[in-house]
Amino acid sequence: MANESVVLPERTKKPKWLRVKLPVGKKYTELRGLVDKYKLNTICTSGSCPNMGECWGEGTATFMILGNVCTRSCGFCGVKTGRPDTVEWDEPEKVARSIKLMNIKHAVITSVDRDDLKDGGSIIWSETVQAIRRANPNTTLETLIPDFQGNEKLIDRIIDVHPEVVSHNMETVKRLTREVRIQAKYDRSLGVLKYLKENGMRTKSGIMLGLGESEEEVIQTMKDLRGVGLDIITIGQYLQPTKKHLPVKQFITPDQFKKFEKLGLEMGFMYVESGALVRSSYKAHKHAS
């Protein structure tokens, strides 16, 4: 993508299209106060998401379950790697309460990978969706799930509670998967999305750009995802969390993101969110309808 991206010298400032406005507005201020007062755990705040103000204004928030230590060591991710804490079996009720307190219209639930657990965390996943439904019957749900090592019996626990959207991120193109998602497999992730679609789920996935992929590789990834019936795709700019993580190789231009959006819609995706600041849960509320 040399003609459609900014290839980085050793030191460079972020381009102007990556500058984020500070979140403002009555709804944001109100929710921020609730999060601080009740110590609610949202990815929006802990991940310093650039779209927090916009999403909260639309009544959307993202929550992470099963702790904040991951059993995998992906090269792009800022979540700590190591031995996770023991499972908190009251966590589903805590998340449901948080959503009720914040009056969330659409909730995105995600988690760390829990390869240390026999069930991969799928029981807590299932119970969390059910607890949210009991406490917040009008709230729609997206579950951004791990691959559960491709175990269909574990994935069935998500299918059985039937969230409005089930998402699993590819993150990058096939060639870079081993480097970017060390313990993950490109074809396994495609298989998870295919299985979900075959079992009646509305499916979604996301990829990051700027890790050294070519335009052709991005388009092939989009074709692969559409080939397993994927409904919704998000495409955003990778930003390095710390110096220990993979470096940004390119800043993708707004015009290139627009090009991918157009191509995606032509391929038949229901929704394509493509832009430098797009993250997995960006505009998530509209994907559930």
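Not measured: the values here are computed from a predicted model. These values consider heavy atoms only, across backbone and side chains, with no hydrogens, waters or symmetry-generated copies.
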Check this for me, if you would: do Glu164 and Arg133 make a salt bridge, where the nitrogen-to-carboxylate-oxygen distance has to be below 4.0 angstrom? yes
With side-chain contact (heavy atoms from CB on, under 4.5 Å) as the test, would you mind laying out the steps for Ile109 and Val129 before giving the verdict? CA-CA 9 Å; Ile109 311 301; Val129 171; 5.7 Å; no
Could you verify whether a donor N or O on one side chain and an acceptor N or O on the other, from Gln237 and Gln250, lie under 3.5 Å apart? no
Taking it one step at a time, do Thr140 and His106 satisfy side chain to side chain donor-acceptor pair (under 3.5 Å)? CA-CA 5 Å; Thr140 55; His106 179 75; 2.6 Å; yes
Is a donor from one side chain sitting under 3.5 angstrom from an acceptor on the other, for Arg157 and Ser126? no
Is the Tyr271 ring parallel, tilted or perpendicular to the His287 ring (thresholds 30°, 60°)? tilted
Tell me whether Arg97 is salt-bridged to Glu93, with the criterion being a basic N under 4.0 Å from an acidic carboxylate O. no
Identify whether the distance between the nearest side-chain nitrogen and carboxylate oxygen of Arg175 and Glu217 falls below 4.0 Å. yes
Decide, yes or no, whether a salt bridge links Lys258 with Glu261 under the criterion of side-chain N to carboxylate O below 4.0 Å. yes
Could you verify whether a donor N or O on one side chain and an acceptor N or O on the other, from Ser205 and His168, lie under 3.5 Å apart? no
If only side-chain N and O atoms count, and only distance matters, is there a donor-acceptor pair under 3.5 Å linking Asn169 with Ser280? yes
Cationic N near anionic O, under 4.0 Å, Lys204 to Glu142: yes
Decide, yes or no, whether a salt bridge links Asp255 with Lys259 under the criterion of side-chain N to carboxylate O below 4.0 Å. no
Side-chain donor-acceptor pair present, Trp125, Thr143, cut-off under 3.5 Å: no
State whether Arg226 and Glu266 are salt-bridged, where the test is any N-O pair (Lys NZ or Arg NE/NH1/NH2 against Asp/Glu carboxylate O) under 4.0 Å. no
Thinking salt bridges, do Asp231 and Lys197 make one under a 4.0 Å N-O criterion? yes
Would you call Lys174-Asp224 a salt bridge at under 4.0 Å N-O? no
For atom NZ of Lys223, decide whether the heavy atoms of other residues, nucleotides or ligands shown that lie under 6.0 angstrom number more than 12. no
In one Ile/Leu/Val/Met/Phe/Trp/Tyr side-chain cluster, 4.5 Å: Val192, Leu144: no
Answer yes or no: is there an ion pair linking Asp187 with Lys185, defined by an N-O contact shorter than 4.0 Å? no
In terms of side-chain heavy atoms, does Ser189 have a donor or acceptor partner in Arg181 at a distance below 3.5 Å? yes
Under 4.0 Å between a Lys/Arg side-chain N and an Asp/Glu carboxylate O for Glu58 and Lys283? yes
